[in-house]
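Here's the structure we're looking at; comments come further down.
Protein chains get the first letters and strands the later ones, always in sequence-line order, with residue 1 at the start of each. Values in this document were obtained by computation on a predicted structure and should not be read as measured data. Side chains included, hydrogens not; waters and symmetry mates left out as well; all remaining heavy atoms used.
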Amino acid sequence: MPHRTPITRDFFDRPVLEVAPDLLGRTLVRTTSDGPIELRLTEVEAYNGPTDPGSHAYRGRTRRNAAMFGPPGHAYVYFIYGMWFSVNLVCGPVDSAGAVLLRAGEITTGSELAQKRRPTARKESELAKGPARLATALDIDRTLDGSDICAGPGAPFELLAGEPARADRIRTGPRTGVSGDGAVHPWRFWIEGDPTVSPYRAHTPRRRQPSI
DNA sequence: AGCTCGATTCCCT
DNA sequence: GGGAATCGAGCTA
């Protein structure tokens with residue numbers, strides 16, 4: 001399969017736990033007004049629908065998470081911590097609300113554009129190391145929520161076959177920053193040894209205001 | 001109407 | 001390793 005073959009919607013029809021590791025090594029093309037930025041995915045997390053306590057879908061459909069409950073092959077973009085965005089790719093049947101969080105990758109095209117967006121990055125490997133950094137580097141915000149990933153060249157997003165990661169290089173572990181019962185599942189997937197993979201952090205409960 | 005805290009990053013010690 | 005920044009979804013009332 002040639003490197004630059006577009007991935008079609010049936011790729012996303014499968015269960016999210018199957019799609020997530022299969023995304024590693026694939027190329028996400030983000031077409032901006034300034035030109036294309038391409039990202040080789042190195043780290044993702046699966047969020048497994050309404051029964052997954054770690055998922056935004058856990059409490060059912062809301063205005064924010066509506067895209068997750070929509071058709072596969074679309075983006076779910078959400079705003080977090082008052083200043084960042086994160087990007088997911090929706091998987092599985094409509095209403096199953098499966099989504100893969102794109103956590104990190106290697107910028108392979110348009111690194112000048114990404115640098116401009118991420119001036120604090122000191123190394124190429126830091127441009128998209130972490131979900132909010134990835135979204136910033138690729139100029140992704142809430143206006144792209146619900147975008148079709150499989151609409152073809154020139155759309156805001158496209159996914160290319162790339163070079164899927166070898167199975168023996170894929171590692172799994174608990175999801176970063178997920179609390180409670182959602183933390184037990186090893187649904188984080190990354191390419192072992194890749195310098196763009198973000199460091200694992202366990203969930204840290206935020207301290208309450210000190211009561212004097 | 002008010003409150004808590006999050007699928008984080010950055011900067012400081 | 002810890003705290004600040006910053007806003008809004010979702011819960012409690």
Side-chain angles (χ1 to χ4, degrees), chain A residues 16-17 19-21 23-24 28 39 41-70 74-92 96-105 107 114-146 171-190 195-212:
Chain A
V16 65
L17 292 176
V19 176
L23 281 166
L24 297 174
L28 181 69
L39 179 86
L41 292 167
T42 60
E43 182 191 355
V44 299
E45 282 175 0
Y47 287 84
N48 198 5
T51 59
D52 174 4
S55 173
H56 290 171
Y58 188 55
R59 290 180 178 82
R61 181 186 186 129
T62 65
R63 190 158 81 243
R64 173 172 73 151
N65 67 21
M68 289 181 105
F69 288 83
H74 290 245
Y76 165 46
V77 180
Y78 66 89
F79 184 58
I80 189 72
Y81 293 114
M83 54 195 117
W84 310 111
F85 296 96
S86 289
V87 201
N88 297 251
L89 304 184
V90 178
C91 301
S96 66
V100 180
L101 171 68
L102 308 185
R103 288 198 55 91
I107 303 283
Q115 279 285 1
K116 218 170 273 182
R117 298 238 142 238
R118 294 226 52 240
T120 60
R122 303 192 187 194
K123 305 183 282 190
E124 292 266 316
S125 63
E126 291 177 352
L127 287 172
K129 180 189 279 216
R133 291 168 166 185
L134 183 155
T136 303
L138 268 53
D139 196 17
I140 294 168
D141 65 20
R142 212 166 8 194
T143 64
L144 294 169
D145 185 36
R171 297 290 178 274
T172 71
R175 294 172 294 185
T176 297
V178 171
S179 61
D181 296 340
V184 303
H185 302 109
W187 289 345
R188 175 175 175 248
F189 303 88
W190 68 95
T196 65
V197 172
S198 69
Y200 173 76
R201 287 186 239 276
H203 173 73
T204 49
R206 201 213 182 95
R207 226 189 50 177
R208 283 186 358 119
Q209 285 289 353
S211 49
I212 314 258

Can you confirm if the NZ or CZ of A/R103 lies within 45° of the ring axis of A/F189 and under 6.0 Å from the centre of its six-membered ring? no

In terms of side-chain heavy atoms of [X], which of [options] is nearest?
X: A/R118; options: B/dA7, B/dC10, B/dG6; value: B/dC10
X: A/V178; options: B/dC11, C/dA9, B/dA7; value: B/dA7
X: A/H56; options: B/dA7, C/dA9, B/dT9; value: B/dA7
X: A/R133; options: B/dC10, B/dA7, C/dA5; value: B/dC10
X: A/F79; options: C/dA9, C/dC7, B/dC10; value: C/dC7
X: A/Y81; options: C/dC7, C/dA9, B/dT8; value: B/dT8
X: A/A132; options: C/dC11, B/dG6, B/dT8; value: B/dT8
X: A/R63; options: B/dT9, C/dA9, B/dT8; value: C/dA9
X: A/P131; options: C/dG8, B/dT9, C/dG10; value: B/dT9
X: A/M83; options: B/dA7, B/dT8, C/dA5; value: C/dA5

Base paired to C/dA5 (Watson-Crick or G-U; both N/O distances under 3.5 angstrom): B/dT8

Going by purine N1 to pyrimidine N3 plus the second Watson-Crick contact, or the G-U wobble pair, all under 3.5 Å, which nucleotide sits opposite C/dG10? B/dC3

So with a 6.0 Å cut-off around CG of A/D181, is the heavy-atom count from everything else above 12? no

Under 4.0 Å, heavy atoms only, any strand: does [X] hit a base, just the sugar-phosphate, or nothing?
X: A/T120; value: sugar-phosphate
X: A/G54; value: base
X: A/R64; value: sugar-phosphate

Send over the distance from [X] [atom1] to [N] [atom2], rounded to a whole Å.
X: A/D145; N: C/dG8; atom1: CG; atom2: C1'; answer: 15 Å
X: A/H203; N: B/dA7; atom1: NE2; atom2: P; answer: 8 Å
X: A/Y58; N: B/dG6; atom1: OH; atom2: C1'; answer: 16 Å
X: A/D141; N: C/dC7; atom1: CG; atom2: P; answer: 15 Å
X: A/K129; N: B/dA7; atom1: NZ; atom2: P; answer: 22 Å
X: A/E126; N: B/dC10; atom1: CD; atom2: P; answer: 8 Å
X: A/Y78; N: C/dT6; atom1: OH; atom2: P; answer: 20 Å
X: A/I80; N: B/dA7; atom1: CD1; atom2: P; answer: 5 Å

Would you confirm whether A/N88, through its side chain, and A/V77, through its main-chain N or O, come within 3.5 Å as a donor-acceptor pair? no

By nearest heavy atom, map A/R122 and A/G82 onto DNA chain B; which one lands nearer the 5' end? A/G82

Lys/Arg-Asp/Glu bridge criterion (N-O < 4.0 Å) met for A/D145, A/R63: no

Less than 4.0 Å between a side-chain N and a carboxylate O, is that true for A/E43 and A/R188? yes

Report yes if a side-chain nitrogen or oxygen of A/T62 is closer than 4.0 Å to either non-bridging phosphate oxygen (OP1 or OP2) of C/dG10; otherwise report no. yes

N or O in side chain of A/R103 less than 4.0 angstrom from B/dT8 OP1/OP2: yes

Can you tell me if A/S125 and A/T196 form a side-chain donor-acceptor pair at under 3.5 Å? no

DNA chain C nearest-nucleotide lookup for A/W84 and A/R59: closer to the 5′ end is A/W84

Looking at A/H56 versus A/Y47, is the centre-to-centre ring distance below 6.0 Å? no

